[in-house]
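The figures here come from the full heavy-atom set of this structure, side chains too, leaving out hydrogens, waters and symmetry mates. By convention in this document, chain letters (A, B, ...) are assigned in the order of the sequence lines, proteins followed by strands, and residues within each chain are numbered from 1.
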Number of protein chains: 2
Amino acid sequence: MTELSAQRRYAEDAAVVLNGLGLPPAYGKLLGWLLVCDPAWQTSSQLAEGLGLSKGSVSTGMRMLETSGLARRVPVPDHRGHAYEVRPDAIIRVAADASKFRVFRELMERGLTVAGGEDAPHTERLRVMRDFYAFIEREMPKLVERFQAEYDTEGEVHG
Amino acid sequence: MTELSAQRRYAEDAAVVLNGLGLPPAYGKLLGWLLVCDPAWQTSSQLAEGLGLSKGSVSTGMRMLETSGLARRVPVPDHRGHAYEVRPDAIIRVAADASKFRVFRELMERGLTVAGGEDAPHTERLRVMRDFYAFIEREMPKLVERFQAEYDTEGEVHG
DNA sequence: CCTTGGGTTCAGAACTTTTTGAACCTTTAG
DNA sequence: CTAAAGGTTCAAAAAGTTCTGAACCCAAGG
């Protein structure tokens with residue numbers, strides 16, 4: 001094993017954490033690298049080279065990062081094609097997206113039906129869960145807005 | 001393929017959803033089943049039988065559900081050993097646990113160091129993420145408390 | 001048009017995770 | 001003390017996922 005840059009090691013560590021959440025290693029490596037690299041944008045070849053991944057893996061991994069809202073393509077002057085970067089507001093977009101919670105709320109609603117409906121006995125666990133997901137679905141966007149408000153006030157510097 | 005009960009079908013569907021989050025199918029099946037079954041508590045053999053899983057898978061899967069705080073063991077009268085049930089407050093315990101977020105905040109803090117520290121150029125994405133996770137880490141427990149308060153007030157029935 | 005850099009796709013290989021089932025504990029009832 | 005039910009563990013098999021690399025597509029420049 002040859003010497004690894006701090007950036008590369010960070011990418012590997014990020015991959016471990018993200019992998020624990022069920023995401024593919026390549027996805028975590030790409031995200032980790034794109035978080036700490038300088039400049040913030042990197043072409044496919046830079047990513048493949050830097051992370052020891054094939055063109056194919058970079059392509060697939062970056063598509064996942066794009067569709068999950070964390071990364072985007074940016075044009076590069078003097079270069080055919082594009083580069084990728086982590087969106088500065090990545091986490092906010094992802095966190096504010098309430099559709100994640102809707103899936104769960106709907107699953108709980110269906111569970112309640114299967115279990116015999118709203119008033120059936122022994123359904124407290126389902127009602128609590130359904131109500132909780134409905135609550136989060138409502139409140140999470142508000143919470144994210146509050147973060148943005150606080151952030152824009154406190155931090156005087158902008159990107 | 002032989003006819004499946006509504007409960008069993010629900011368990012299979014829950015497994016698909018949870019599997020999408022990176023959890024093993026058996027885990028999702030067990031959770032789905034335990035959400036809709038009546039009575040709410042089930043022995044290992046009932047679970048294995050009902051879901052077509054081996055004793056081993058039930059044992060492993062239920063350990064995961066226990067350690068993740070969603071299920072617990074309950075004694076059964078007239079029966080050796082125990083049964084399992086979903087905790088009525090399952091989702092609240094899981095949601096209020098802020099340690100999930102700490103891992104991410106720490107990852108972002110390390111990223112910032114790797115990227116050259118707080119004031120290094122091109123680190124906005126990292127600072128936003130770190131601050132966001134710190135914010136969520138602080139606010140999530142409060143949000144859950146608010147849910148509990150609202151819930152205890154609105155719903156007059158208790159388990 | 002033809003070439004070339006860049007990018008995507010996808011079949012199969014490599015790898016990882018999950019599941020099973022048999023061996024083995026442990027508890028309790030008789 | 002013994003038998004039997006319930007439960008856990010773990011090695012190996014099965015299933016599933018991810019990665020690679022070669023074929024292919026597309027746009028831009030000459």
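- In this structure, of D/dA5, D/dT17, D/dC19, it is D/dT17 that holds the atom nearest to the side chain of B/N19.
- Base engagement by B/G56 is indicated by at least one non-hydrogen atom pair under 4.0 Å involving a base atom.
- If you check every strand for non-hydrogen atoms under 4.0 Å, A/G61 touches nothing.
- Here the C1' atom of nucleotide D/dT8 and the CE atom of B/M64 are 16 Å apart, to the nearest Å.
- At least one side-chain nitrogen or oxygen of A/S57 sits closer than 4.0 Å to the OP1 or OP2 atom of D/dT20.
- The interatomic distance linking A/L23 (CG) with D/dT18 (P) rounds to 9 Å, in whole Å.
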Determine, stepwise, if the pair B/K142 / B/E139 fulfils salt bridge (Lys or Arg N to Asp or Glu O under 4.0 Å).
CA-CA 5 Å; B/K142 293 190 205 166; B/E139 295 298 325; 3.3 Å; yes
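- In this model, the phosphate group of D/dG7 is approached by a side-chain N or O of B/S44 to a distance below 4.0 Å at OP1 or OP2.
- Side-chain N/O atoms of B/R63 include one lying less than 4.0 angstrom from OP1 or OP2 on D/dT9.
- Within the 3.5 Å criterion, the main-chain N or O of B/K55 finds no donor-acceptor partner in the side chain of B/S59.
- In this structure, the CZ atom of B/R73 is 14 Å from the P atom of D/dG6, given to the nearest Å.
- Toward the 5' end of DNA chain C, the nearer of the two residues B/P25 and A/Y84, judged by each one's closest nucleotide, is A/Y84.
- Here D/dT18 presents its P atom at 12 Å from OH of A/Y27, a figure rounded to the nearest Å.
- Taken to the nearest 0.5 Å, the CE atom of A/M140 stands 11.5 Å off from the OH atom of A/Y133.
- Rounded to whole Å, atom C1' of D/dG7 lies 17 Å from atom CD of B/E49.
- Across the protein-nucleic acid pair, B/R80 atom CZ and D/dG7 atom C1' stand 11 Å apart, rounded to whole Å.
- Using a distance-only test at 3.5 Å, with no hydrogens or angles considered, a donor-acceptor pair links the side chain of B/S5 to the main chain of B/R8.
- Residue A/A71 comes nearest to A/M62 through the heavy atom pair CB-CE, 3.8 Å, listed as atom of the first residue, atom of the second, then distance.
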Enumerate, atom names and distances included, each donor-acceptor pair closer than 3.5 Å involving a side-chain atom of residues 25-40 of chain A, sequence neighbours excluded.
from  : atom 1 : to    : atom 2 : distance (Å)
A/Y27 : OH     : A/S68 : OG     : 3.0
A/W33 : NE1    : A/Q42 : OE1    : 3.0

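- A straight line from CE of A/M62 to P of D/dT20 spans 16 Å, rounded to a whole angstrom.
- Where A/A26 and A/K55 meet DNA chain D, the nucleotide closest to each residue was compared, and A/A26 sits on the side nearer the 5' end.
- Think of the region where chain A sits on DNA chain C: with heavy atoms and a 4.0 Å cut, that region ends 5' and 3' at C/dT4 to C/dT9.
- Remark: side-chain polar atoms of B/T113 are paired, donor with acceptor, to backbone N or O of B/E109 under 3.5 angstrom.
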